[in-house]
Every structure is written in C-alpha cells, then in structure tokens.
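See structure below.
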Protein chains: 2
Amino acid sequence: MPMETAAPGRPRDQKVGLALKAAALRLVREKGYQNVSVAEILKLSGVARQSLYNRWKTKADLVMEAFFEDAGTRVRPPEFRPGQPARAELERFLNEVFDHLAASDGTLRSLIAAAQADPEFCRLFHDSFVQPREEMVVDFLAEAQRRGELPAGRDPAMLAVFIHGAFWYRLLNGQPMDPALARAIAAAAFGD
Amino acid sequence: MPMETAAPGRPRDQKVGLALKAAALRLVREKGYQNVSVAEILKLSGVARQSLYNRWKTKADLVMEAFFEDAGTRVRPPEFRPGQPARAELERFLNEVFDHLAASDGTLRSLIAAAQADPEFCRLFHDSFVQPREEMVVDFLAEAQRRGELPAGRDPAMLAVFIHGAFWYRLLNGQPMDPALARAIAAAAFGD
DNA sequence: GTGATAAATAGACTGCGGTCTACTAAATGG
DNA sequence: CCATTTAGTAGACCGCAGTCTATTTATCAC
C-alpha cells in the first residue's frame, strides 16, 4: 500500500470523476463525439463545470480517458499461437481493430482531429494511445522476422508505420475499413 | 468562350471573392489556421460576413481554396527523367512535399482535422486534393513497374496508400517530416 | 476550535464559427 | 418605369468550449 502524502485541503471525490467518465462514455457512444456538448455531460453527471476542468484540460482529454480506458482490453494484441501464421494473425488483429473502430463510430477520428489543434493533447494521445499500439505491432513483426516468417531485409518499425499509416489514411478520408483492407495490408507487409 | 447563361439578379463581384482569398491566405501564412478568426479575415478583406458564406460553406472551404489553389504548382509531380532512377525521383518528390508542408506550417493538419467533423468537406477535400495526389503516385509507380524498376508483384495503388498513409501518420502525430523519412519510404516502396 | 488549503458548486463571461434578419444595390425581363 | 431576383452590407443572434469569480464544504495542522 502506497504512503498517501496527505495533501492539504479537501480531498477529491472519486465519484465526481467516475460520474463524468460514465456520462461522457455513454453520451459519446450514443450520439458521437461531435454531437455531445460539455454542458450535456455536466447535466447527465450532475457535476459542476469547474470539477471537469479541474481533472481534464479539454473535452478531448476526458473522452479519451473515458473511451479508451478499457479499449486496450477490447482488442487482443497480435501474438504467436501454434499453427497460426504471423500473416494471418496480423490480419486477425487488424480486423478486430477495424471492428472496434466501427463500433465506436467516429470517436478516434474526432480525437485525432482534436490533437491537431492542441499540441499538448497531441503528445498525450500519441504517448498513451498511438505509440503503445504501434509498438505492439513492431514487436510482433520483429518476432515474426526472428522466426523467419517475415523477410530479413525489412524494417519492422518502418513496416508498423506503413501499416498504421494506411489505416489512418483510410479512416480519416472516410473510406471503408473492411476485411479487404486488412487482407491487403497483411499481404503487403508479409508478401514478396 | 462559354455561353454565359445570364443568371437573374445582381451579379457577383469578383473582387469580393478575391479579397477574401487574399486575406485568408495572408493571415493563415502569417499566423496559422488556428490563430486566424473569420472576423479577422472579414476585417482585412473589408467584406461582409454573409458574402463569405455565400461563396464557401465554412472557413475550412475558403482556406482550402485560398491555400491550395496554387499548391499544385509548387510541387513538381513525380516523372521519369533520363538517368534518374524511379526510386530517387520518388524520394525527390517526397522531399518537395515535406518542404512545402513545413513552409505552410500546420495548414494541412488543420484541414484534415476540419474534415473529420464535416463529411461534406471531407469529400470535397479528398476529391479535390487528396485523391489527385494519390493518383499521381499510383501512375508513377505503375509506370516504374512497367519499366521494370518496381518488382512485378506489388500493387501500385496499395503502395500509394502506404506511402501517403505513412506521411499522414507522421504529420498528424507531430513527428518530423525529414529527408530520412523520405528515404525510408522510398526504400520500402522499391526495396526488396 | 481556528486557520489554511483545495474541492465542489453555481453561474457569469469571452471569443469562436456559423446563422439569421433587414436593408440597400445592381442586374434582369416586361 | 417597375417587378423580380440575387449580391452585398451591417449587425444581432445562437450554441459551443473553455475561463473566471464567488461561495460553500471537507480535510489537514495546530
């Protein structure tokens, strides 16, 4: 148990933050990021405006935390399983990511958009969300290379950038994120 | 000369649109998209608010037109030149794009962000800006393949998505767009 | 208990993009 | 000349995200 350093002043009420995240998550799922106002989140959670901005700098910060707190558990990372070729596993992973994105409507798109106007949020979003997912793929590809399933000449880090880049590019241009894309990406990464 | 179909009512004053584009271009170059308000553009151009929204649906529409009207002439498309390998030409092209983006600060980032909240603008931006540039690369890669400089097994269309995707991904995550990236992209596209 | 500190609440306020209304001005066809 | 139609101007107006101020409340140290 960590020694709590007993900060002075009134302690934060956990319920306030939880209520805000719960309200934000529910409303964004129901209506989409664009169509949810901060005022609505405050009304549903029954919390005062300042209490939100005491915890998060922007609406995007709150929604990112509410939305992706468990997102890491929704998509199973790529891993080696007996009898499963690396290429097929990458394809499976991509399809799960696409499904998750489809279920979450345009939330990722909105958060990426928010990051373009806010360097601080851009870094936070990258460090806490984008980078870890990129590294999962890098590690997986490096292992595939070690096992001889990926040609030796390729750079796993660069391949991961291409893979995520292709998927961002399609997402941000409003184009379909379907199994055909997953197949094409996996084929390009592993193909000759 | 096209038969002008003599629309009824007062004709549009060309100067109004030109003044708006000139003001928008100058202010965005000076201060960046985020830091320019519509009110400023109106003040500098000496035009009324409604006149702007008669011509463009949003600030993003105006800035896109003002900013990229001549952008097509700034970057020389990839083309085959005697003694110039396709891979080197692609690298040159990417470096010119990166330079142009650096000079235009975050304008492309802001327009991509605006597109995420506005499906109509997303389509317009894609059709009039993104797609043509993508096709330039596809055509170039297809020609390289025909000439035997690009391995036969690869799909030029998919490669173009990877190339643009990688560059969008880096751009939108606030990472450097430097010659090293251009080299890595060209190497991955043409390398074994 | 007293004072200090910080959380929570309520609500006014700012600047923004975009819409709306009212009015004037320039072209058309009759 | 007159009716119609559209462009342009001026400025009020709306909902938004985020800031600020004032007040109350909960917890410390003493």
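These numbers come from the heavy atoms of this one structure, side chains and all, not from hydrogens, waters or symmetry mates.
Proximity of the aromatic rings of A:F167 and A:F98 is defined here by a centroid distance below 6.0 angstrom, and this criterion is met.
For residues 107-161 of chain A, the set of pairs meeting the ring pair (Phe, Tyr, Trp, His ring centres under 6.0 Å) definition, not counting sequence neighbours, comprises A:F68-A:F129, A:F80-A:F140, A:F121-A:F125, A:F125-A:F129. Sorted by first and then second residue, the pairs that involve residues 139-148 of chain A and meet salt bridge (charged side-chain N to carboxylate O under 4.0 Å, His left out), not counting sequence neighbours, are A:E143-A:R146, A:E143-A:R147. Applying the salt bridge (charged side-chain N to carboxylate O under 4.0 Å, His left out) definition to pairs two or more places apart or across chains, those involving residues 95-120 of chain B are B:K57-B:E120, B:R92-B:E96.
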Show me, pair by pair, the donor-acceptor contacts under 3.5 angstrom made by side chains of residues 10-19 of chain A, not counting sequence neighbours?
| unit_1 | atom_1 | unit_2 | atom_2 | d |
| --- | --- | --- | --- | --- |
| A:R12 | NH2 | A:N54 | O | 3.1 |
| A:D13 | OD1 | A:K15 | N | 2.9 |

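Taking the centre and axis of the six-membered ring of B:F67, the NZ or CZ atom of B:R29 falls inside the cone set by 45° and 6.0 Å.
Taking every heavy atom of both residues into account, B:L141 and B:A160 meet most closely at CD1-N, 4.1 Å.
Note: CG (A:N35) to P (D:dG15) measures 15 Å, nearest angstrom. Distance A:L62 CG to D:dG18 C1': 14 Å, rounded to the nearest Å.
For the pairing with B:F93, the side-chain contact (heavy atoms from CB on, under 4.5 Å) check across B:E79, B:R133, B:R76, B:M136 returns one residue only, B:M136.
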Report summary line: Each nucleotide of nucleotides 4-20 of chain C classed B (base within 4.0 Å of a protein heavy atom), S (only sugar-phosphate) or -, in 5' to 3' order, makes -BBBSB------SBBBB
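Near DNA chain C, meaning a heavy atom under 4.0 Å from it, residues 105-112 of chain B has no residue at all.
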